[in-house]
Number of protein chains: 2
Amino acid sequence: MALSKEELIKQTAKDLFFSKGCLHATTQEIADAAGVNRSLINYYFRSRDLLFQTVYREAVESLKSQLDKVLYDNTPFKEKLGIFIDVYMKELLKYPYRESFLITEICSKNFALKEKKKSAALAHFLKEIAEEMEKGTLKKGDPIHFVFDLLALMSFPVIMTPLYQKLLDISKEKYQTLIAERKQLILEKIFN
Amino acid sequence: MALSKEELIKQTAKDLFFSKGCLHATTQEIADAAGVNRSLINYYFRSRDLLFQTVYREAVESLKSQLDKVLYDNTPFKEKLGIFIDVYMKELLKYPYRESFLITEICSKNFALKEKKKSAALAHFLKEIAEEMEKGTLKKGDPIHFVFDLLALMSFPVIMTPLYQKLLDISKEKYQTLIAERKQLILEKIFN
DNA sequence: ACTTTTGTTGACAAAATTGTTAAACATAAA
DNA sequence: TTTATGTTTAACAATTTTGTCAACAAAAGT
């Protein structure tokens, strides 16, 4: 079934921002990419700024709910981690620049930080990590660092694709296989 | 001694882009931040676009030369790595968004990719890594993955500061100490 | 001192981007 | 068929951003 135009505009904006890295596309560019009249953006979202805010909010939401869905259940830790890496990296390949978009929005001046409630799933995950550290499955330390490491190892090479392809002089195909290899590598590295 | 205005403009632009994360500042914003008349930007750089290109080129250059300076010498591997992490993280804290800027510039449509000569220092470093793997000091694998891991572990938590501070509900101070702890942690993790 | 060059500024013009409005259009209900 | 409702469009207006230019100031050269 066809997407409503409102949804189409939003999805296209996300595609431009998160996939193509056009972090400050104009309304005209978004409208063209969506194949709709630019005025429709104002009709549905009132202003460019509100469209950006909407996309921002939904991105944070979906980021949180993705984390929640995976982290907040009772599969054994190691297995859960495998699933997490799988899910997260699939999403990363679809939306490599989502976090970058969020960062630039937060940095943009007219931005008001809101809600500060820590994700329950995350707290749960941190506790699990601490338990694994107790058991000796994981190297001891602040669980936050474990989370940093995990997210960094997954995200960074994906985010930096165009730059590192250039700097390291690697072909697109080779880079893709490198990324694909990483799921397994990260698991090994983490449980060394 | 006072900076020439041309240099001042460039430095201010870098400060806005790389430190403050204003990846698409207007010429007026740059001029204001530098305390100069906006026309001076056109006088020295002809156009906004050329200023951006200049900053981009210099950032890639300095990124390369920083890597070269550290990687291309004869201190023992482990020690060299310590220095590298030190230097790189110091630079990261000064310019957390430098890589993000490069990425968005590369993604921006009117961008022509140029020079594809691999850094000699990097090649040298990769060979050293391979040797350490032979010796058993490092876990075997594609040395590129080692470089990915290293850069990811350093850069990512810094780049994501504003977002993760928010999501993890961590105070600015706490976050800073976490980052500061990482140099040691990364070394340990790498040589597990 | 005078001329030439370089740097600096404000005013203006041009271009790009956004927001608004009214009219055209479609669709379904009355 | 008319009416009402929501959608879509083009034309226009307003705003923002960029680029140019002539005038002026400062410095350097003769």
Side-chain angles (χ1 to χ4, degrees), chain A residues 1-18 20-59 97 100-101 104-112, chain B residues 1-18 20-59 97 100-101 104-112:
Chain A
M1 66 142 211
L3 236 41
S4 79
K5 299 261 165 141
E6 177 171 7
E7 202 55 35
L8 173 65
I9 290 170
K10 233 165 37 188
Q11 293 305 324
T12 307
K14 287 179 184 174
D15 185 60
L16 282 176
F17 301 158
F18 305 162
K20 304 227 168 32
C22 303
L23 302 186
H24 43 282
T26 65
T27 52
Q28 189 63 66
E29 286 171 324
I30 297 169
D32 288 350
V36 305
N37 189 293
R38 185 175 58 85
S39 290
L40 270 194
I41 294 177
N42 291 316
Y43 178 70
Y44 284 116
F45 300 94
R46 299 191 64 85
S47 73
R48 175 179 189 270
D49 202 52
L50 283 174
L51 169 60
F52 273 61
Q53 280 182 39
T54 303
V55 170
Y56 174 88
R57 258 197 304 275
E58 290 192 7
Y97 303 114
S100 303
F101 174 82
T104 70
E105 285 308 295
I106 295 177
C107 287
S108 95
K109 53 179 177 291
N110 44 350
F111 185 85
Chain B
M1 67 140 212
L3 237 40
S4 78
K5 300 260 165 133
E6 178 170 7
E7 201 56 34
L8 173 65
I9 291 171
K10 231 163 40 186
Q11 293 305 324
T12 307
K14 287 178 185 174
D15 185 60
L16 283 176
F17 301 158
F18 305 162
K20 305 226 169 32
C22 303
L23 303 187
H24 44 282
T26 65
T27 52
Q28 189 63 65
E29 285 171 324
I30 297 169
D32 288 349
V36 304
N37 189 293
R38 184 175 59 84
S39 290
L40 272 193
I41 293 177
N42 292 321
Y43 179 70
Y44 284 115
F45 301 94
R46 301 189 63 86
S47 75
R48 175 179 189 271
D49 201 52
L50 283 174
L51 169 60
F52 274 61
Q53 281 182 38
T54 304
V55 170
Y56 173 88
R57 258 196 304 275
E58 290 192 7
Y97 303 113
S100 304
F101 173 83
T104 69
E105 285 308 296
I106 295 177
C107 288
S108 96
K109 52 179 177 289
N110 44 349
F111 185 84

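Below, read A as the first sequence line, B as the second, and so on, with proteins coming before strands; counting in each chain starts at 1.
- No hydrogens or angles considered: nothing links the side chains of Asp15(B) and Gln11(B) as a donor-acceptor pair under 3.5 Å.
- Side-chain contact between Arg57(A) and Glu105(A) is absent, with no heavy atoms from C-beta onward closer than 4.5 Å.
- Between Phe101(B) and Phe52(B), the two ring planes are tilted [angle within 30° to 60°].
- Put simply, the side chain of Ile30(B) reaches to within 4.5 Å of the side chain of Leu51(B), judged on heavy atoms.
- As a whole-Å value, the separation of Leu40(A) CG from dG6(D) C1' is 12 Å.
- In this structure, CD of Gln28(B) is placed 16 Å from C1' of dA16(C), rounded to the nearest angstrom.
- One interatomic measurement links the two molecules: CZ of Phe52(A) to P of dG19(C), which rounds to 11 Å at whole-angstrom precision.
- Per the geometry, CD belonging to Glu6(B) stands 14 Å off P belonging to dT6(C), to the nearest Å.
- In this structure, Asp49(A) CG and Ser108(A) OG are separated by 7.5 Å, a value rounded to the nearest 0.5 Å.
- The interatomic distance linking Ile41(B) (CD1) with dT9(C) (P) rounds to 12 Å, in whole Å.
- Using a 4.0 Å heavy-atom cutoff across all strands shown, Phe45(B) reaches no nucleic acid atom at all.
- Across all strands shown, Ser39(A) has heavy atoms under 4.0 Å from base atoms, whether or not it also approaches the sugar-phosphate.
- Not a single donor-acceptor contact under 3.5 angstrom links the side-chain atoms of Arg38(B) to the base of dG10(C).
- For dT17(C), the OP1/OP2 oxygens have no side-chain nitrogen or oxygen of Thr27(A) closer than 4.0 Å.
- For Asn37(A), no side-chain nitrogen or oxygen approaches OP1 or OP2 of dT8(D) to under 4.0 Å.
- The nearest whole Å value for the distance from the CG atom in Asp49(A) to the P atom in dT15(D) is 17 Å.
- Side-chain N/O atoms of Lys5(B) include none lying less than 4.0 angstrom from OP1 or OP2 on dG7(C).
- To the nearest angstrom, P of dC12(C) lies 18 Å from CG of Asn42(B).
- For Tyr44(B) and dT6(C), the OH to C1' distance is 8 Å, given to the nearest whole Å.
- Contacts of Tyr43(B) with the nucleic acid, taken as non-hydrogen atoms under 4.0 Å apart, include base atoms.
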